[in-house]
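Just below is one structure, and these are the notes that go with it.
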Amino acid sequence: MTTAEIQHQFAPNFYGVVHVMQAALPVMRRQRSGHIINISSVAGVVGLKHCAAYAATKFAVEGLSLSVATEVEKFGIKITVVEPGFFRTDLLDAQNVRWVSKVIEDYAPEGTAKDMWSQYDGTQPGDPAKLGDALVKIAAMPNPPKVFVAGGDALDMITPAIEERLQEARAHETLSKSMAGSF
């Protein structure tokens, strides 16, 4: 992707979230309550092929949400980051998606992002109305989750990715702990 295409992904997906939080949090701090629900994606947890810039924006939403949550909980403000799988929205509709403009020959044999992702348009398994119902339930919880994995397909992708990270962390625990200095 060109730098401009990457910036185009970050503008709504990350900076849109930042701007809404900047507007909402002062009000929530004054009232000493509130609940922000930010939408990430499976892509914000699991690196997906032909999805790097979108995934980067969603990883950024995750980091922002989880970090700010620790800062605002003392004001009675909750933050939940939602990691949905495939929901039947118009995200992949040809009128709504912009595919990269540049092709790198080394990747050409694999096909393009358009080839990979456009086939899912209109066939996503998740029902957006049911996700809406779940979000209403989460909003009403006195102790909502900080992270909510939305959809069976999301659980099927995220769970093994988290387990693999834990295995790698444990496998290299000795090396990780060897970094302490004696200054």
Side-chain angles (χ1 to χ4, degrees), residues 1-48 51-93 95-100 113 117 120-121 124-159 161-162 165:
M1 296 184 80
T2 66
T3 300
E5 289 168 334
I6 293 170
Q7 289 170 337
H8 186 76
Q9 285 279 316
F10 269 87
N13 292 357
F14 178 70
Y15 287 108
V17 171
V18 169
H19 296 310
V20 170
M21 288 177 71
Q22 287 174 328
L25 283 171
V27 174
M28 291 179 176
R29 280 194 305 272
R30 278 194 300 277
Q31 67 191 22
R32 294 301 198 241
S33 68
H35 188 176
I36 294 173
I37 298 176
N38 287 332
I39 307 299
S40 176
S41 170
V42 166
V45 184
V46 179
L48 301 172
C51 196
Y54 178 78
T57 69
K58 296 303 185 173
F59 270 90
V61 167
E62 298 254 339
L64 174 73
S65 299
L66 295 173
S67 295
V68 174
T70 65
E71 298 170 4
V72 299
E73 63 189 352
K74 66 184 172 192
F75 304 115
I77 301 167
K78 310 289 186 202
I79 297 180
T80 299
V81 61
V82 179
E83 300 166 341
F86 271 142
F87 280 81
R88 196 157 305 177
T89 66
D90 291 335
L91 175 70
L92 295 172
D93 182 276
Q95 294 178 355
N96 297 329
V97 69
R98 291 187 187 153
W99 304 107
V100 296
W117 295 107
Y120 295 105
D121 182 37
Q124 302 96 320
D127 180 343
K130 289 182 180 178
L131 175 57
D133 292 342
L135 296 180
V136 169
K137 287 177 185 172
I138 289 169
M141 292 177 179
N143 294 305
K146 287 185 179 174
V147 176
F148 176 66
V149 179
D153 61 328
L155 275 170
D156 290 345
M157 292 180 74
I158 289 172
T159 302
I162 291 171
R165 285 185 193 161

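Both backbone and side-chain heavy atoms feed into the values below; hydrogens, waters and symmetry mates do not.
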Inset, instruction - Quick one: list whatever passes side chain to side chain contact (heavy atoms under 4.5 Å, CB included) with Pro12, sequence neighbours left out. - result: none

Inset, instruction - Test side-chain contact (heavy atoms from CB on, under 4.5 Å) on Asp153 and Val42 and set out the steps. - result: CA-CA 9 Å; Asp153 61 328; Val42 166; 5.9 Å; no

Legend entry - Residue Tyr15 excluded, over 12 heavy atoms near OH under 6.0 Å: no

Inset, instruction - Could you pull out all residues at least two apart from Lys137 that satisfy salt bridge (charged side-chain N to carboxylate O under 4.0 Å, His left out)? - result: none

Legend entry - Straight-line distance of Ile79 CD1 to His35 NE2, nearest 0.5 Å: 8.5 Å

Inset, instruction - Can you measure from CD (Glu5) to CD (Gln7) and round to the nearest 0.5 angstrom? - result: 10.5 Å

Legend entry - Counterpart residues, side chain to side chain contact (heavy atoms under 4.5 Å, CB included), relative to Ala53 (two or more places apart): Met1, Ile6, Gln9

Legend entry - Atom pair CZ (Phe148) and CG (Leu135), whose distance is rounded to the nearest 0.5 Å: 7.0 Å

Inset, instruction - Please report the shortest heavy-atom distance between Gly85 and Ala154, naming the atom on each side. - result: N-CB, 3.6 Å

Inset, instruction - Measure the shortest side-chain to side-chain distance between Lys78 and Asn143 over non-hydrogen atoms and say whether it is less than 4.5 angstrom. - result: yes

Legend entry - Close side-chain approach of Val149 and Thr159, heavy atoms under 4.5 Å: no

Legend entry - Side-chain heavy-atom pair Thr80, Val82 within 4.5 angstrom cut-off: yes

Could you list the donor-acceptor pairs under 3.5 angstrom formed between side-chain atoms of residues 61-72 and any protein atom two or more places apart in sequence or on another chain?
{"residue": "Glu62", "atom": "OE2", "partner": "Ser40", "partner atom": "OG", "Å": "2.8"}
{"residue": "Ser65", "atom": "OG", "partner": "Asn38", "partner atom": "ND2", "Å": "2.9"}
{"residue": "Ser65", "atom": "OG", "partner": "Val61", "partner atom": "O", "Å": "2.7"}
{"residue": "Ser67", "atom": "OG", "partner": "Gly63", "partner atom": "O", "Å": "2.8"}
{"residue": "Thr70", "atom": "OG1", "partner": "Ser67", "partner atom": "O", "Å": "2.6"}

Inset, instruction - List in chain and number order the residues that pass side chain to side chain donor-acceptor pair (under 3.5 Å) with Thr57, two or more places apart in sequence or in another chain; answer none if no residue qualifies. - result: Asn13

Inset, instruction - Identify the heavy atoms of Ala43 and Phe59 that sit nearest to each other, and give their distance. - result: O-CE1, 3.1 Å

Inset, instruction - Check side chain to side chain contact (heavy atoms under 4.5 Å, CB included) between Pro142 and all other residues, then give those that pass, not counting sequence neighbours. - result: none

Tell me which donor-acceptor pairs under 3.5 Å the side chains of residues 27-34 have, and how far apart each pair is, sequence neighbours excluded?
{"residue": "Gln31", "atom": "NE2", "partner": "Ser33", "partner atom": "O", "Å": "3.0"}
{"residue": "Arg32", "atom": "NH1", "partner": "Arg29", "partner atom": "O", "Å": "2.6"}

Inset, instruction - Would you check if Val45 and Met157 make a side-chain contact, meaning some heavy-atom pair closer than 4.5 Å? - result: no

